[in-house]
There are 2 protein chains.
Amino acid sequence: MSDAATAVLVVEDEPQIRRFVCNALRDDQCQALEAGTATGGLEIVAREPVHLVILDLGLPDRDGISFIRDLRNWSAVPILVLSARSAEQDKIEALDTGADDYLTKPFGVGELRARVRALLRRQQQRVDAGAVHVFGDVAVDLSRRIVTRAGAEVHLTQREYHLLAVMVANTGRVMTQRYLMNQVWGPGHSQDSHYLRVYVGRLRQKLEADPTQPHYILTETGIGYRFQP
Amino acid sequence: MSDAATAVLVVEDEPQIRRFVCNALRDDQCQALEAGTATGGLEIVAREPVHLVILDLGLPDRDGISFIRDLRNWSAVPILVLSARSAEQDKIEALDTGADDYLTKPFGVGELRARVRALLRRQQQRVDAGAVHVFGDVAVDLSRRIVTRAGAEVHLTQREYHLLAVMVANTGRVMTQRYLMNQVWGPGHSQDSHYLRVYVGRLRQKLEADPTQPHYILTETGIGYRFQP
DNA sequence: ACCTTGTTTACACCTTTTTTACATCAACTG
DNA sequence: CAGTTGATGTAAAAAAGGTGTAAACAAGGT
């Protein structure tokens, strides 16, 4: 079900359990990202394309429920909660705040993996493994992080590539400036949309035949942008 | 989360548990449908619009796993499995066959309801994402914010699109000028109905075959407008 | 110190929205 | 039935606001 291009973030403070969970996921060919704190976890979701979050409710720096609430303000990524607390009220609270599943410790690694597969199956905007997105003479290889134009490789900086990756993942859809800012610069920069204008300009410069009249990265005035091959 | 129009099918052979589950759901304002056999359950899903299936794996007429496999051949409706079997292998098999959640008996009614709400919340997002309104050669994709006419894309400004979206949402109904002004320009502009005339004109120009004799956006003199595909 | 990348600023340019003016239509009334 | 009146349709302007680009500055790594 899951593939190499699927990124799962594990937010868990105990290194031992974190290792354990990450290894279980890697067997399923997921890319496992790790965070030891709630704050660190939010930053990663904001910066990287994450397809599933596995969250331990007992974090040192912050309440797990408030983590869910915070994340749900700007992301719809599925959340699987791990918790030592088995009381019904805890489960209800987590699920109603926005979690998609709740697994009580101790749990079997097989069940965890099956539930992860079930959640990822539901996830719509998953990117196919090794899928190379081609438009015109440009090709974007998301799994290898390589962009070529007319066969020659185009060098993109980290921000440029991240922005392009978000756009490719949302092909055909209108993306608000707010959404793009959250995805690429993280929450807290929703206002600074001039970053976006600069970087969209640079991408057009590198990818469009005529940067003055873009054919791929289209402007939706007053809203944001749309990527259309 | 769930509303009166949400239909949940409970497939369970023990009448006592079936009653118990159905009552729990009705408290959440779901419409609960019931089936005592796998065959009966499949028939109901085929006939009625069902938003969620709650399935007991231990059915008299048929294996629960084969029920899931059968259903998944032609339906993507979310499935929540109830089972007395708590072995890990049973959970893995059900989830990998196509179930979305697995709850072991005995379970708390609060947890069941919370998991139902979580599944319906996800389902609702999918429904919203797929809504495309078609009339004549025009198609309005509300989730992607794209309007096409005869296959070609029609560029709409923010106000134009907002106005069209309100009209599409009230298809067939008469909308007063006051209502439309409130929806698109916000309260405080109820008087400036000349905005409306300008923008209705622009929408007709872009969407109607003959803007002079509109077929979709009709004028209700003295009242407002009506959108009729 | 140099090079690359990311951030910030400034300004010219373009789109959208609002405003205005006038033409047209429909209904009513004498 | 023609004229009047109020409501609606269209076109083109002025105003407001958003966007594109270049270039300077800051930060970080080699």
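Labels below follow one simple rule: chain letters A, B, ... track the order of the sequence lines, proteins then strands, and each chain is numbered from 1.
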- Task: Whole angstrom is fine here: how far is it from CH2 in B:Trp185 over to P in C:dT16?
- Result: 15 Å
- Item | Side-chain (B:Glu88) to main-chain (A:Gly110) donor-acceptor, under 3.5 angstrom | yes
- Message: Please determine whether a side-chain nitrogen of the Lys or Arg among B:Asp96 and B:Arg72 lies less than 4.0 Å from a carboxylate oxygen of the Asp or Glu.
- Response: no
- Item | Presence of salt bridge, A:Asp56 and A:Lys105, under 4.0 angstrom | yes
- Any ion pair linking A:Asp101 and B:Arg115 (charged N to carboxylate O, less than 4.0 Å)? yes
- note: B:Lys206, atom NZ; C:dT15, atom P; distance rounded to Å ~ 12 Å
- Query: Measuring from B:Tyr216:OH to B:Met167:CE, what's the distance to the nearest 0.5 Å?
  - Reply: 14.5 Å
- Here the residues of residues 158-174 of chain B within 4.0 Å heavy-atom distance, strictly under, of DNA chain C are B:Gln158, B:Arg159
- Message: Within the 4.0 Å heavy-atom criterion, would you say A:His155 contacts the bases, only the backbone, or no part of the nucleic acid?
- Response: sugar-phosphate
- Salt-bridged, A:Arg226 to B:Glu153, with N to O below 4.0 Å? yes
- Taking OP1 and OP2 of C:dG6, is either one under 4.0 Å from a side-chain nitrogen or oxygen of A:Thr157? yes
- The residue among A:Arg145, A:Lys206, A:Arg204 that forms salt bridge (charged side-chain N to carboxylate O under 4.0 Å, His left out) with A:Glu160 is A:Lys206
- Any salt bridge between B:Asp100 and B:Arg122, counting N to O under 4.0 Å? no
- Note on the structure: Once base and sugar-phosphate atoms are separated, protein heavy atoms under 4.0 Å mark nucleotides 9-30 of chain D, 5' to 3', with B, S and - as BBB------SBBB---------
